[in-house]
Amino acid sequence: MALKINPFAPQSPKFPSFHFPQMASLRSPKFFMASTLRSGSQEVENLKKPSMPPREVHVQVTHSMPPQKIEIFKSLEDWAERNILVHLKPVEKCWQPQDFLPDPASDGFDEQLKELRERAKEIPDDYFVVLVGDMITEEALPTYQTMLNTLDGVRDETGASLTSWAIWTRAWTAEENRHGDLLNKYLYLSGRVDMRQIEKSIQYLIGSGMDPRTENNPYLGFIYTSFQERATFISHGNTARHAKEHGDMKLAQICGMIASDEKRHETAYTKIVEKLFEIDPDGTVVAFADMMRKKISMPAHLMFDGHDDNLFEHYSSIAQRIGVYTAKDYADILEFLVGRWKVEKLTGLSGEGRKAQDYVCGLPPRIRKLEERAQGRAKEAETLPFSWIFDRKVVL
Ligand SMILES: [Fe+2]
Ligand SMILES: [Fe+2]
């Protein structure tokens, strides 16, 4: 799992901002206190409190799936073993971060490190900000495993449960764990980034957690993960493409390998939802519309580095500008999922189901229109320092 953003959101009352304005008001007493005081005085500086890490501000709903539907997931145990677990790769066949990094036990380590750092010199700061944000997102993996284990009927009840769902979640986590590891080690070796600030950001983010509004409901949970795996497939694919354009084929390979894992995970999660559409088309289309109405909140939207109260917004804005993950991607993913699950072709739905069907099928063009309008209102480019790159300034 990983990114991302919904950059079109803040401009429209119909698609309100994810959390930014509310978040600022809760997370940062300094943000408002300082603005009411006379600037420039020493007293003001002394009164400034450190910023607070963000937290979720929406009403948190739990256990929205009717308990009898838990049986659906129990009855799918064997199906999941045959159809979902096959998308995991045996550990012995998996790539490991070390396959793409200088080998510290080899005589060639110094030379390989020098080459890595030479290549990294050619890559611009804005790319590094986005790669750091992607890495931090991957590093908050404990949050995502927690989220999967909130889901009724599929959670790992013991920590080593032998149900197909639990086996999947643990192995998925183990595969994902290599993503953060690899990017973290690469960025450390590159010498281009402030590792301490990055490490702080990871600690803050895991501490903040996340409520993607999946309500312990596996319908919502697997729709969310389907969306997210595709989003990360797209964004890592784009960082691979950019690395290639900057002449760093090794970094392109790193991002490309991660992207291919995300694709495999997307295949598994979309297959689960496809099965739910087959068993319970009405319930699944209603869940899909519900998730999209609430918007897919991005896994790292509570990102914080101890300084920037709008860090996620700033990181997202660069990802959007350089084309790693954009509002268009959000609409494309939705359109892809509508097609993948053949939502337009669903028949025999209830009134509520038909309403949900109309809503999700009509949403991609509406998002695109809003995005075009937002583009038209594009503000003048602003530059901002990022602690992750030693406070060097980057155009948002
Ligand atoms: Fe993923
Ligand atoms: Fe990942």
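All ligand and atom numbering here is 1-based and tracks the order in the structure.
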**Q** If two hydrophobic side chains count as joined below 4.5 Å and joins carry through other members, does Leu131 share a cluster with Met195?
**A** yes
**Q** Looking at Gln320 and Ala327, would you say the former's side chain and the latter's main chain have a donor-acceptor pair under 3.5 Å?
**A**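 Yes; at least one donor-acceptor contact below 3.5 Å.
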**Q** Salt bridge or not between Lys200 and Asp305? Use side-chain N to carboxylate O under 4.0 Å.
**A**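 Looking at Lys200 and Asp305, the cut-off is not met.
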**Q** Within Glu138, is some N, O or S atom less than 2.8 Å away from the Fe ion (ligand 2)?
**A** yes
**Q** State whether Glu229 contributes an N/O/S atom found under 2.8 Å from the Fe ion (ligand 1).
**A**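 Of the N, O and S atoms in Glu229, at least one lies under 2.8 Å from the Fe ion (ligand 1), which means yes.
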**Q** Rounded to the nearest 10 degrees, what's the angle OE1 of Glu176 makes with OE2 of Glu262 at the Fe ion (ligand 2)? Could you check?
**A**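 Vertex at the Fe ion (ligand 2): approximately 130°.
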**Q** Are Phe73 and Tyr219 close enough that their ring centers fall under 6.0 Å?
**A**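 Under 6.0 Å, so yes.
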**Q** With the Fe ion (ligand 2) as the reference point, give the N/O/S atom of His179 that is nearest.
**A**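 Among the N, O or S atoms of His179, the one closest to the Fe ion (ligand 2) is ND1.
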**Q** Salt bridge check, Lys271 against Glu274: does any charged N sit closer than 4.0 Å to a carboxylate O?
**A** no
**Q** I'd like to know if the Fe ion (ligand 2) has an N/O/S atom from His265 within less than 2.8 Å of it, counting both backbone and side-chain atoms.
**A**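 No, outside the cut-off.
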